There are 2 protein chains.
Amino acid sequence: MDQERPVKLSDISKALNLSVSTVSRALNDSHEIGDETKRIVQSYAAKVNYRPNLIAQSLKEMKTRYIAIIVPEISNSFFAEIVNGVEFVANSQGYHVVIYQTQDSTEREINIIRDVARRKADGLLLSPSTNQKEVKEVMKSTGAKLPVVYFDRVPSDNYCHKVVCDNYQAAFDATTWLIKQGKRRIAHMAGPSGISISIERMAGYSAALLNAGISVDPNLIRYSNFLAQEAWDNLRDLEEKYQPDAYFASSDRLSFYCYEAVQKLPEPRASEVKIVGFTNAPLAHLLRPKLSAIVQPAFDMGKIAAEMLLNTITKKNKDIEYGFIKLPALLKNTE
Amino acid sequence: MDQERPVKLSDISKALNLSVSTVSRALNDSHEIGDETKRIVQSYAAKVNYRPNLIAQSLKEMKTRYIAIIVPEISNSFFAEIVNGVEFVANSQGYHVVIYQTQDSTEREINIIRDVARRKADGLLLSPSTNQKEVKEVMKSTGAKLPVVYFDRVPSDNYCHKVVCDNYQAAFDATTWLIKQGKRRIAHMAGPSGISISIERMAGYSAALLNAGISVDPNLIRYSNFLAQEAWDNLRDLEEKYQPDAYFASSDRLSFYCYEAVQKLPEPRASEVKIVGFTNAPLAHLLRPKLSAIVQPAFDMGKIAAEMLLNTITKKNKDIEYGFIKLPALLKNTE
DNA sequence: TAAATTTACGCAATCGTTTGCGTAAATTAA
DNA sequence: TTAATTTACGCAAACGATTGCGTAAATTTA
């Protein structure tokens, strides 16, 4: 039953003295093939372990039955959980998921999008590190009609599918909690300015301060891109000049940079400065002193994003209706 | 320059009054096309943003220019780093990497291997959660001649490409270090029995004990599969009955289960029991008390595995020469 | 019983490329 | 000047599957 090369339809057709088209239809259980013939073909195909060549199928049908997801990095637990949610839904509907990493490089991101288009993925889940306009340009220039669902970092307009968590509320809650702990000089380690998550988290942070009668001090707000050096420089500068009594960190990485920097401070500051940050890392709750965490419902975000994408892929009526889902994020590990 | 659907060769050929074959050859810089024609075709193709359809190319050439990597889970830093190493090499050679997760399910693993074969990946990097024999069976039944490089968990025979770290030495060093810390009742939390890494790490652990004149106590050795519950049960049982003074954990997950279990113990045990475990998690070094870590050179393992795979893919002479690379792993975070 | 319909299959085009082969025209060699 | 070669292109098959259409034979209908 083993063979040297994959069995194809014409192998079966020759062996059974049937035409290729009959074999194809028999395997696809077409009504225009006799029951007896079907039985013969199907059992023979099973015996020789026939598997349709997916490339040929894809070329014919102009469908690949796979969706792509582009994330900054897979080792980030937040994105890993999203991927898991996506796979959960996609696999259950017979789709495969191809994961791409941009490592937060615009160049890589654009190349990947081009490649996804050329390989004719049926859809794309995207959390762009890049300028939104540029992404849409690239997408258009491929000429592909590639359905896209944005998640986490999303465009500001309403002409696209989006899945996010309630960044504003989460940032508000986190900052408010720090204030309740008696903190007043709360630094905000923000991600790159200009992208949706940074803007919303900043807004929540500011609102919480103002709500508590604390004015927003621009000196305590630092934007960092994805390079570790920039974050470290910001942290050192903050410690030297302003000595905040708490940090609110806007991403997984920034949370850990903050945590590490604070732990290196001399006591008693090291154990007095409180930190709360966005993170889905399962190890975070093992840290002492605690790193309080805003945990996003990443798995669900992935599930929902995949469902939206597959819906638009398989939809018959072409009138698009853009979806915008916002899920709550929870503050955890606050003793 | 934008268009509604992707431009294909025949679009260009019509627009320029040339045959499709001439256009194809011109774009591929064939010597049998005049310089002037080439210039015209290439500039027009650039103008209309022509990108070859990779599915059609793949079907024609029976090559897809992508390789697959199958890992238990991507959120595990060890595997994430391996993937990064693989992508580093593969991308530089024009290959794309498709990542699959088995979540340590045999069923998923087999389905994925089948799918990889059907989609005609040019090669496969595999760290099987599954019975080796079964994996080879499945591979054979697809009829695909799919080059494979195993990494981390590898078959015992020498008729395949393998990349591993020196598990024996690392386990020996880790155990020896614990002994030097004055520990005698060192428990070993091992992974599933029967797979290469478990066997080798167990051997290193035993050798270190014997080397120090300590007999190996089977009660202190616990095999756990990938389910958290099993590990927790083992840990509770160990604590109730034997109260080891140190733990040597054989994987990322087991390390953290151990760490968490120990931290929950009443003092002074919680701070006296020492733990050393295999982990590549960047957060591990932030833990206090320390979690000493055996760090595998995951990025390099990924690079080497990808190089081996791409070599066998692109090799002209068909006589296979199997490679077996073993890299050292380092004990870190031991103050 | 003749006509209409259904059943069960084969032929050939198609998806978008690549490539072996054929062939005029242009060039070189004899 | 004629023959041999090279240049520069087009035709058509191929990769492996799906599918519209055509058509004998079998069945049903009038």
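Excluded from the calculations below are hydrogen atoms, water molecules and symmetry mates; all remaining heavy atoms, backbone and side chain alike, are included. The structure displayed is predicted, hence computed values, not measured ones. Naming convention: chains lettered A, B, ... in sequence-line order (proteins, then strands); numbering from 1 in each chain.
- Here the side chains of B:Tyr322 and B:Val149 are not in contact, with every heavy-atom distance at 4.5 Å or above.
- Scanning residues 54-67 of chain B for heavy-atom distances under 4.0 Å to DNA chain D yields B:Leu59, B:Lys60, B:Met62.
- Listed by chain and residue number, B:Arg153 satisfy the salt bridge (charged side-chain N to carboxylate O under 4.0 Å, His left out) test with B:Asp104 (two or more places apart in sequence, or in another chain).
- The shortest distance between the side-chain N/O atoms of B:Asn53 and the OP1/OP2 oxygens of C:dC15 is not below 4.0 Å.
- Note on B:Ser24: a side-chain N or O is less than 4.0 Å away from OP1 or OP2 of C:dT18.
- The CD atom of A:Glu36 sits 17 Å away from the C1' atom of D:dA26 (whole-angstrom rounding).
- Under a cutoff of 6.0 Å and an axis angle of 45°, A:Lys162 and A:Tyr150 do not form a cation-pi pair.
- Applying the 4.0 Å criterion to OP1 and OP2 of D:dG16, one finds that A:Tyr50 has every side-chain N and O outside that range.
- Under 3.5 Å, the side chains of B:Ser10 and B:Ser13 contain no donor-acceptor pair of N or O atoms.
- B:Ser105 meets the side-chain hydrogen bond (donor to acceptor under 3.5 Å, both in side chains) test with no other residue; sequence neighbours excluded.
- In this structure, CG of B:Asn28 is placed 13 Å from C1' of C:dG16, rounded to the nearest angstrom.
- If you check the side chains of A:Gln101 and B:Glu87, you find a donor sitting under 3.5 Å from an acceptor.
- Residues forming a salt bridge (charged side-chain N to carboxylate O under 4.0 Å, His left out) with A:Lys136 (at least two apart in sequence, or on another chain): A:Asp157.
- With ring centers used as reference points, B:Phe324 lies 6.0 Å or more from B:His161.
- Contact detail for A:Ser24 and A:Leu9: the closest heavy-atom pair is CB-CD1, 3.7 Å.
- With a 4.5 Å cut-off on side-chain heavy atoms, A:Lys8 and A:Val20 do not count as touching.
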Contact state string [nucleotides 5-12 of chain C, B base, S sugar-phosphate only, - no protein heavy atom under 4.0 Å]:
---BBBBB
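- Rounded to a whole Å, the CZ atom of A:Arg119 is 15 Å from the P atom of C:dT17.
- Note on the helix from C:dT1-D:dA30 to C:dA30-D:dT1: terminal axis deviation equals 50°, with five pairs used at each end and the result rounded to 10°.
- If you check the side chains of B:Ser19 and B:Thr22, you find a donor sitting under 3.5 Å from an acceptor.
- To the nearest angstrom, C1' of C:dT17 lies 13 Å from CG of B:Asp11.
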